[in-house]
Amino acid sequence: MSYSKELLEYGQTVLNRRRQQASYRLEERKKELYPCFPRLRQIESELSVTGYDAIRTVISGNKEPDELEKIKEKNLSLQQERRDILCSLNLPENYLTESFFCPFCHDEGYKDGKRCQCYEKILKDESFRRLNSQSPLILCDFSNFDLAYYSPLSRKEDASPREQVGKIFQYCQRYAQTFSLSSANLLMSGRTGLGKTHLSLAIAKQVIENGFGVIYGSAPDLLSQIERERFSRSETDLQPMQLMLECDLLILDDLGAEFSTSFTNAAVYQLMNSRLNKRLPTIISTNLTLQELLKLYGERVFSRLIGSYIPLFFVGQDVRQKKEQVSLS
């Protein structure tokens, strides 16, 4: 994936900070141990000398194999003595070496001339964060979803709104707690104000906390970003379509509220179809009925929604209106 100069510079800033933190931690450990165990300081100094001696021997063209072997033996002996001292103090043998966040590239960002996976993760996570920056992820979680606003009364033998939404609530909790890249696709459907956005936000928050890359947004916002990307190839573009196709979980809220054009319909199909082919989970919420979805998006989108998404049908009266009435009373 290609990234803008601004995003790459952000990634380098994070890597620089990690290296500084590793260096700081090492210096703090040295300050802790050297006054009490001066031999450790001497060992470090002698190890440095063996390093310089090895370089000087190679540069000078010394052909004596014994010379380098002696330097190597001394270096290994010093390292073993340091390990023995640390072991006697019940400390790990690498206690006086820098502990990097990434053991592969040592927080440099590159390994064998290629971007390290740690650098890629920094760039992707920040790209997701910027796409999610307008989403109220911190406002909704499972703990503040209140089933008391749903009627306990049912019609004939149907489950009451409280029972039906209660089952959806429990399902969404399990979904978020056990989320993996093989999790199911979900279609949340129902009239406005019934909790679809709240539960999709709660899932997003939990899945992000579990370490996955999530993009959450309303269909109008995300599709407009895709459209801007399509017609404006500036250096600062974050390539939202590519990010949405590759994130661990895409949550497309309020599908059908966007201004419908041939471009937006094609973008919806591409998002759904590509993520299905990649076996990456997607959650879609909509105020539209199945018939309205069919009319708006056509057979290609509708068949994928019906065949590849688990439907969650929300019922009841507008919860937001009830909350407003309670707050005004």
Side-chain angles (χ1 to χ4, degrees), residues 1 3-4 6-8 10-11 13-15 17-18 21 101-102 107 115-146 168-188 195-226 229 237-255 271-272 274-276 278-286 309-310 312 314:
M1 182 182 294
Y3 298 95
S4 67
E6 177 193 1
L7 201 60
L8 291 170
Y10 167 84
T13 299
V14 173
L15 291 169
R17 184 163 61 245
R18 288 179 178 178
Q21 290 171 344
F101 183 90
C102 178
D107 300 337
R115 244 185 341 239
C116 183
Q117 59 186 5
C118 71
Y119 193 8
E120 284 288 348
K121 188 175 189 311
I122 292 170
L123 298 173
K124 281 190 175 182
D125 287 350
E126 178 61 11
S127 297
F128 297 156
R129 188 197 68 77
R130 294 184 185 190
L131 271 179
N132 289 329
S133 62
Q134 302 303 315
S135 303
L137 291 175
I138 63 172
L139 300 181
C140 296
D141 57 36
F142 292 111
S143 65
N144 57 21
F145 187 85
D146 193 350
I168 292 174
F169 171 76
Q170 293 174 355
Y171 179 88
C172 289
Q173 272 191 314
R174 291 194 302 271
Y175 183 94
Q177 291 165 359
T178 62
F179 178 83
S180 71
L181 296 183
S182 59
S183 290
N185 302 301
L186 304 181
L187 173 62
M188 298 182 176
K196 301 184 300 298
T197 295
H198 189 127
L199 287 182
S200 60
L201 280 168
I203 290 173
K205 183 178 179 182
Q206 178 71 64
V207 173
I208 289 172
E209 289 174 355
N210 291 347
F212 292 95
V214 178
I215 291 179
Y216 173 95
S218 70
D221 288 343
L222 293 182
L223 291 171
S224 67
Q225 291 191 53
I226 292 173
E229 173 201 1
D237 281 340
L238 293 178
Q239 300 180 325
M241 172 60 92
Q242 191 171 3
L243 292 171
M244 291 179 213
L245 292 176
E246 296 184 1
C247 63
D248 298 327
L249 175 63
L250 172 65
I251 301 180
L252 200 59
D253 190 31
D254 210 9
L255 183 68
L271 283 171
M272 292 177 58
S274 296
R275 290 185 63 82
L276 284 172
K278 292 181 178 183
R279 300 183 184 276
L280 291 172
T282 304
I283 295 175
I284 291 175
S285 74
T286 181
Y309 284 69
I310 293 176
L312 302 175
F314 287 69

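- Residues Gln225 and Leu222 meet the side-chain proximity criterion, which asks for heavy atoms closer than 4.5 Å.
- Checked by atom type and distance alone, the side chain of Asp221 never pairs as donor or acceptor with a backbone atom of Ser224 at under 3.5 Å.
- Contact of the Ile122 side chain with the Arg18 side chain is registered, since non-hydrogen atoms from C-beta on lie closer than 4.5 Å.
- Looking at every heavy atom in both residues, Ser285 comes nearest to Lys196 through CB-CB, 4.1 Å.
- Across all their heavy atoms, Asp254 and Pro220 have their closest contact at O-CD, 4.1 Å.
- The aromatic rings of Phe145 and Phe169 sit parallel, their planes meeting at an angle under 30°, below the 60° perpendicular limit.
- Side-chain contact between Ile310 and Tyr171 is present, with at least one heavy-atom pair separated by less than 4.5 Å.
- Rounded to the nearest 0.5 Å, atoms CG (Asp253) and OG1 (Thr197) are 3.5 Å apart.
- The closest side-chain heavy-atom distance from Ile226 to Leu271 is below 4.5 Å.
- Here the closest heavy-atom approach between residue Ala204 and residue Val214 is recorded as CB-CG1, 4.1 Å.
- Summarising the geometry, atom CD1 belonging to Ile284 is positioned 4.5 Å from atom CE belonging to Met272; distances are rounded to the nearest 0.5 Å.
- Leu249 has its side chain within reach of Ile203: a pair of non-hydrogen atoms, C-beta onward, lies under 4.5 Å apart.
- Contact of the Leu250 side chain with the Leu280 side chain is not registered, since no non-hydrogen atoms from C-beta on lie closer than 4.5 Å.
- Looking at Pro281 and Tyr175, their side chains come closer than 4.5 Å, going by heavy atoms from C-beta outward.
- In this structure, OG in Ser274 is found 11.5 Å from CD in Gln242, a value given to the nearest 0.5 Å.
- For the atom pair CZ (Phe142) and CD (Gln173), the distance works out to 5.5 Å, reported to the nearest 0.5 Å.
- The two residues Arg275 and Leu245 have their closest heavy-atom pair at NH1-O, 3.5 Å.
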Would Lys205 and Leu201 count as a side-chain contact (heavy atoms from CB on, under 4.5 Å) if you check the C-alpha gap in whole Å, the side-chain angles of each, and the deciding distance to 0.1 Å?
-> CA-CA 6 Å; Lys205 183 178 179 182; Leu201 280 168; over 6 Å; no
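- Taken from CZ in Arg279 to CG in Leu181, the straight-line distance is 12.5 Å, to the nearest 0.5 Å.
- Summarising the geometry, atom CD1 belonging to Ile283 is positioned 8.5 Å from atom CG belonging to Asn185; distances are rounded to the nearest 0.5 Å.
- Considering all non-hydrogen atoms of both residues, Asp141 and Asn144 come closest at O-OD1, 2.7 Å.
- Between the Asp107 side chain and the Cys102 main chain, a donor and an acceptor come within less than 3.5 Å of each other.
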Would you check, one step at a time, whether the test side-chain contact (heavy atoms from CB on, under 4.5 Å) holds for Asp248 with Val207?
-> CA-CA 9 Å; Asp248 298 327; Val207 173; 6.0 Å; no
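- Side-chain atoms of Leu8 and Tyr119, non-hydrogen and from C-beta on, do get closer than 4.5 Å to each other.
- Nearest heavy atoms, Cys172 versus Met188: SG-CE, 3.8 Å.
- For Gln177, the CD atom sits in a packed shell: over 12 heavy atoms of surrounding residues, nucleotides or ligands are nearer than 6.0 Å.
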